[in-house]
Amino acid sequence: MTLRIHDTATRSVREFVPNVPGQVGLYLCGATVQAPPHIGHIRSGVSFDVVVRWLKVTGFGVTFCRNVTDIDDKILRVADAEGSQWWAVAERNQRAFSRGYDALGCLPPDVEPRATGHVPEMVELMRRLIDAGHAYAAGGNVFFDVSSFGDYGALSGQRPEHMRAADDVEGESFKRDPRDFALWKGKKPDEPAWDTPWGEGRPGWHLECSAMATKYLGATFDIHGGGLDLIFPHHENELAQSAAAGDGFARYWMHNGLVRLSGEKMSKSLGNSLLVDAMVTKVRPAELRYYLVQAHYRSDIEYSEEALAEAVAAYRRIEGFVTRAAEAAGRQSTSGAAAEGALPGASAGLPSASSLPAAFAAALDDDFGVPQALAVVHEAVRDGNTALAVGDVAGAAKQLESVLAMLAVLGLDPLAAPFATGASSNLTAVVDALVSVALEQRQAARARKDYAAADAIRDQLAAAGIVVEDTPAGPRWELAR
Ligand SMILES: [Zn+2]
């Protein structure tokens, strides 16, 4: 089975063949850091985190580049409105994005370039475009000449004659054609500016990504990703600039669906309650990640409290099995499994492909079919629970190994970082010792037929948030959820 990926450029699912055998260069349009992330932003990070994990598990070496757009009209507006510096706004929100990615267990990119650190690369790209007759300087701006590039519109499937004017209105009077877009925006009073041969100014968003992607991944690289809302104009323009300059650029274009509220794309005013920082106080980060990955990455998610609650319940079913089976099998952590399953040189914590059920692997090979892959996880959980119910510890342990390997691929292992920490497992041991004392007293009360005392102990534990369950192997406890 080989990996197949839906490519926006061809509107088809294509077999994935990397440019260099065994190596994948992946560029993901990251945050424009004018505000902290809502779950729509972080969904893109989580979707491509699964992509990166699956590529690594199946043996590819991955170079993952996710940029930060740290200069932009919106950042300048926010800074102006709050009377602070643009770079302070960018820095603060970049930290919020990092916090969100980390909380939801996204592996860090190999490089996270910031636009303002790459002006020399942008000047170089503009130079090549001007020399080749695809761009022109006018009034301190530099524009891309859309009519000079015959394939303009191919990525988004639009015919140039039906296209709307580019939405960068600054310097509009200098454009030869309203569809021409700004590679570089001439300096305006009180705005930050960088020097170029065509005058001072600041970069256009599209130019930034072309310059950063090719700097870190080469002129031709494998996968370019981003949200569906970036196909036009952002990715159309990136492709036009880079292809017109003679670069091969991205060989596959992947786009994740959006998170919508009542059918609308989440906007700032609607989305404040869905900021990642707020959501992780409402549900646990692992549960939020489950909610965001369970839909196919290309589908939109219609946000609702009910759907979130269903996802939480589904994740807790998996987690409940993992906890009970790990207890039954006497396991304290996944460290043993990771060491056994890992390939030499594979990333720590990721399983080997051979340790995964074939149906799970087939689902992910089919354009990252996470819904089908999760169905395999839930089936293994059901089988494992059945084994536990009949006291088949070996059978349960086998399903546990399989479930943990699959969860690691999806970044959902409740026993692994960041969802389990050393501190909490130490605390669990302490609570376990204390609860054991109470349960021994309860057993003693029962032995002397003092059921009122036994029930009182159970009720006191319940009041402390500890649920006791009597099993054939003796009482066991868990924290009430
Ligand atoms: Zn971009």
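Numbering starts at 1 and runs along the sequence shown. Counting convention: from 1, in listed order, for ligands and their atoms alike.
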For F48, which residues count as a ring pair (Phe, Tyr, Trp, His ring centres under 6.0 Å) partner, sequence neighbours excluded?
none
With sequence neighbours excluded, what pairs up with D180 under the side-chain hydrogen bond (donor to acceptor under 3.5 Å, both in side chains) test?
Y136
Quick test of your reading of the model: are D366 and R4 salt-bridged, counting only N-O distances below 4.0 Å?
yes
Is the distance from the Zn ion (ligand 1) to the nearest N/O/S atom of H206 under 2.8 Å?
no
Counting backbone and side chain alike, does H234 bring an N/O/S atom below 2.8 Å of the Zn ion (ligand 1)?
yes
Closer than 3.5 angstrom, by distance alone: can the side chain of R53 be matched with the main-chain N or O of A408 as a donor-acceptor pair?
yes
Vertex the Zn ion (ligand 1), arms to C29 SG and C209 SG, rounded to 10°:
130°
